[in-house]
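The chains referred to below are lettered A, B, ... by the order of the sequence lines, with proteins before strands, and numbering in each begins at 1. A quick note: this is a predicted structure, and the numbers were derived from the prediction, not measured.
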Number of protein chains: 2
Amino acid sequence: MTALAFSEGLMDSRTLAASVNTNPVVIRRLVRGLRQAKLVETYAGKHGGAQLRRKPREISLLDIYDAVQRRPVIAINERKAWKHCAVSCHMKGIMSSVADGAEQAVRAHLRGITLKQLLRQIC
Amino acid sequence: MTALAFSEGLMDSRTLAASVNTNPVVIRRLVRGLRQAKLVETYAGKHGGAQLRRKPREISLLDIYDAVQRRPVIAINERKAWKHCAVSCHMKGIMSSVADGAEQAVRAHLRGITLKQLLRQIC
DNA sequence: GTATATGTAATTAAAACAATTACAGTTTAC
DNA sequence: GTAAACTGTAATTGTTTTAATTACATATAC
């Protein structure tokens, strides 16, 4: 996303992949999430590629995180509790709220950073 | 750790494993980290096991997190940068500080929760 | 119509993680 | 002093997750 902001235009998945040192298909899979979140628009065909739909100043890292993230910051134990153990029976609920708090803390941090800010550190 | 606080004494790895629904060896591996962090003490031999070294009120979730955690909240891309791309060359540094901020946010949250507080939600 | 893109499913490979086995060392109880 | 019940840890195997790659249908520019 920083590369897209930097380029100020279309970039194809091959170039983006080179920048991250991975495979174009990996990029296209991530771009799908970003497109669904309306952060980028993509074009097929010759001279196709992806570009931002909003100004870097208007895209936060939280927007990107929500668009591509899959797993929570703190995962909770999903196994069955041991019925004879009061602690075991309560832990899922207790840890869920702990994990939720951690998630919110990270989200608040990411909400405060925009692509524009990252860009300023390069230019 | 909540189970140890609840029991107010020694618990063996077999019982702890039953509570978490896993294998005793998995517990013993986690306990090693907790022991190195001086959060618990363990005893070998018959009637052995683990118990807390401090009061639940004096153990924060951050203490536990530091003792057993392995991977950062946000991992950064460790691949080689693409020399011809200014963004690629700067991203590692930029993302490191973003990841660091997220880590600090989670740590601040966990620092504010003690085992005692978790215990209160059970008793 | 050919070259160059994306979109996506399917497959393979790699890495991380948990489970299990095995066994040496420790402590208790008798 | 020896059997029983623990911990400590290395080694192995199995499972799950993730990334990489292949394949090909579809779209667009010229």
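- Rounded to a whole Å, the CZ atom of B/Arg29 is 12 Å from the C1' atom of D/dT12.
- Taking each heavy atom of A/Arg54 and A/Lys38 in turn, the nearest pair found is NE-O, 4.5 Å.
- Considering every non-hydrogen atom in both B/Arg14 and B/Pro24, the closest pair reads CA-CG, 4.1 Å.
- Protein atom CZ of A/Arg14 is 10 Å distant from nucleotide atom P of C/dT4, rounded to whole Å.
- At distances below 3.5 Å, at least one donor-acceptor pair connects side-chain atoms of B/Asp63 with backbone N or O atoms of B/Ser60.
- Applying the 4.0 Å criterion to OP1 and OP2 of D/dG8, one finds that B/Thr42 has a side-chain N or O inside that range.
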Original post:
Quick one: what's the B/S/- string for nucleotides 22-30 of chain D, heavy-atom cutoff under 4.0 Å, read 5' to 3'?
Top reply: B----BBSS
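- Between A/Leu62 and A/Ile113 the shortest side-chain heavy-atom distance does not fall below 4.5 Å.
- Side-chain polar atoms of B/Thr114 and B/Arg57 form no donor-acceptor pair below 3.5 angstrom.
- Under the 4.5 Å side-chain criterion, counting only non-hydrogen atoms from C-beta, B/Val31 is in contact with B/Val40.
- Whole-Å rounding puts the A/Leu34 CG to C/dG7 P distance at 11 Å.
- Counting only heavy atoms from C-beta outward, the side chains of A/Pro56 and A/Phe6 never approach each other to under 4.5 Å.
- Residue B/Asp12 contributes atom CG, which lies 18 Å from atom P of D/dA4 at whole-angstrom precision.
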Hey, what are the protein-to-nucleotides 11-17 of chain C N/O distances that come in under 3.5 Å?
unit_1, atom_1, unit_2, atom_2, d
C/dC17, OP1, B/Arg71, NE, 3.2

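- The closest side-chain heavy-atom distance from B/Leu16 to B/Asp12 is not below 4.5 Å.
- As a whole-Å value, the separation of B/Leu4 CG from D/dT7 C1' is 14 Å.
- Within the structure, every pair that satisfies the salt bridge (charged side-chain N to carboxylate O under 4.0 Å, His left out) test and touches residues 91-112 of chain B, not counting sequence neighbours, is listed here: B/Asp66-B/Arg107, B/Glu78-B/Lys92.
- Note: CG (B/Leu30) to P (C/dA19) measures 10 Å, nearest angstrom.
- Cluster partners of A/Leu10, by chain and number: A/Tyr43. The rule joins Ile, Leu, Val, Met, Phe, Trp and Tyr whenever side-chain heavy atoms lie under 4.5 Å apart.
- Put simply, CD1 on B/Ile27 is 15 Å from C1' on D/dC6, counting in whole angstrom units.
- A heavy-atom distance below 4.0 Å to DNA chain C is reached by none of the residues of residues 81-94 of chain A.
- Counting heavy atoms from C-beta outward, B/Ile122 and A/Ile94 have side chains that approach closer than 4.5 Å.
- For A/Thr22, whose side chain is taken as the heavy atoms from C-beta onward, the closest listed nucleotide among C/dA19, D/dA20, C/dG7 is D/dA20.
- Dashed line: the shortest gap from a side-chain N or O of B/Arg79 to OP1 or OP2 of D/dA19 is not under 4.0 Å.
- Within the hydrophobic cluster formed by Ile, Leu, Val, Met, Phe, Trp and Tyr side chains joined at under 4.5 Å, directly or through other members, A/Val25 stands alone, with no partner residue.
- Across the protein-nucleic acid pair, B/Leu10 atom CG and C/dT26 atom P stand 18 Å apart, rounded to whole Å.
- The side chain of A/Arg32 lies closest to C/dA9, out of C/dA9, C/dA19, D/dA19.
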